Amino acid sequence: MKILTVIGNRPQFVKAAAVSRLLREHHDELLVHTGQHHDDELSAIFFEELQVPRPEVQLHIAGGTNTEQTARMLAEIGPLLATELPDLVLVYGDTNSTVAGGLAAAQANIPVVHVEAGMRSFDRRMPEELNRVLTDHLSELLLVPSVTAEENLAREAVAGRVVNVGDVMVDVSMMFQPRAKADLHALRDAGVVPGEYILCTSHRAGNVDVPERLRKLVDLLLALEEPVVLPLHPRTGARLDAAGWLDELQDADHIRLAPPLGYMAFTSLLTNARRVLTDSGGVQKEAYFASVPCVTMRDTTEWVETVDTGWNALVDLDLHSALTALGEDPPAEHPQLYGDGRAGERVVAAIDEHVT
Ligand code: UDP
């Protein structure tokens, strides 16, 4: 069978690491990189470190508004599908690349498989939430990572078939976290020691694109009283620079700014951190897999189980709540929430079963 997979940004490269190689043992995969993340530090390094096959097609579509970017992707993917005639199209997660790949395929009557289907924050102001909902309703096979996702899709009565395969990011974490934890190079580079720093990431549009919110983020980081390692997403770096606030972070002794890191360096910092402070979706889960308590700078999350079990706290950008949550002890129990690390195998099996 010929499967055309559309990926485009950092978390999708990580997810593809759990699936692409396995998929190619059974099928022909054509990997299409939309170019949503194109710089080496957000793209090339992930293909190298995680042994994701090199994309066969590069579309070089980046920048612009979400609408413009999605429209350009549709305009490129449509003709590509007409030439390649795949048997199905595989998409991951919740980005513009996800919805563009899904919609172009559905319009060409090609079945869509959505990995990480069913996630909901119930916040339609998030571009990611629109992408999730639309892609789920376009898909024929919806591969979900959790029971919560299954329940969300049942409530929405999606037309496609839903299979709980577990979370492909667990597979990748299981493969790489032990080795990353043992290698302390990234900690040395950042000037921190295991268990005595906070690893922070922030790039959600809702936090960094609105100046008042960005200012709250800066104030929160400046108020922390322990070392903070902050690998800056280019979007966040650009917004801080434009607002004239980057210097304040650079000048703060406790904040160690870094460029966006490769997966291994980042995972080393994550697994050895005392706490993780983030607005990322993927990083909340990775912190959970690594048993590092997480404090999330949002007021909603798709990964509700991490909150229900007490390993994640939603504090939005409220300084007092953040400081309180960062001081709390981790719970005693750490249940297996998102599968056993074999989600990639189940993705391939579900695809095989669906087409036969
Ligand atoms: N990540 C990384 N280097 C960094 C920051 C994040 O390798 O400097 C990885 C992280 O381990 C996770 C993924 O990027 O697998 C998360 O991506 P991101 O936070 O950009 O996206 P989201 O999950 O919020 O959609």
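These numbers were taken from a predicted model, which means no experiment stands behind them. Both counts, for ligands and for their atoms, begin at 1 and track the order of listing.
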Are [X] and [Y] within salt-bridge range, i.e. N to O under 4.0 Å?
X      : Y      : value
Glu302 : Arg298 : yes
Glu226 : Arg274 : yes
Asp183 : Arg188 : no

Item checked: Arg54, CZ: over 12 other non-hydrogen atoms inside 6.0 angstrom ->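 Yes, the 6.0 Å shell around CZ holds more than 12 heavy atoms from other groups.
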Checklist line | Asp340 vs Arg342, salt bridge (charged side-chain N to carboxylate O under 4.0 Å, His left out): CA-CA, chis, key distance, verdict | finding: CA-CA 6 Å; Asp340 56 2; Arg342 299 177 67 186; 5.2 Å; no
Ligand-protein N/O pairs under 3.5 Å (ligand 1):
unit_1	atom_1	unit_2	atom_2	d
ligand 1	3 (N)	Leu261	O	2.7
ligand 1	7 (O)	Leu261	O	3.4
ligand 1	8 (O)	Leu261	N	2.9
ligand 1	11 (O)	Glu286	OE1	2.7
ligand 1	11 (O)	Glu286	OE2	3.3
ligand 1	14 (O)	Arg10	NE	3.4
ligand 1	15 (O)	Glu286	OE1	3.4
ligand 1	15 (O)	Glu286	OE2	2.6
ligand 1	19 (O)	Ser280	OG	2.7
ligand 1	20 (O)	Arg10	NE	3.1
ligand 1	20 (O)	Arg10	NH2	2.9
ligand 1	23 (O)	Ser280	OG	3.3
ligand 1	23 (O)	Gly282	N	2.7
ligand 1	24 (O)	Arg204	NH1	2.9
ligand 1	24 (O)	Arg204	NH2	3.4
ligand 1	24 (O)	Ser280	OG	3.1
ligand 1	24 (O)	Gly281	N	2.9

Margin query: As an exercise, state the distance from CZ of Phe176 to CG of Leu50, rounded to the nearest 0.5 Å.
Written below: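 The CZ atom of Phe176 sits 5.0 Å away from the CG atom of Leu50.
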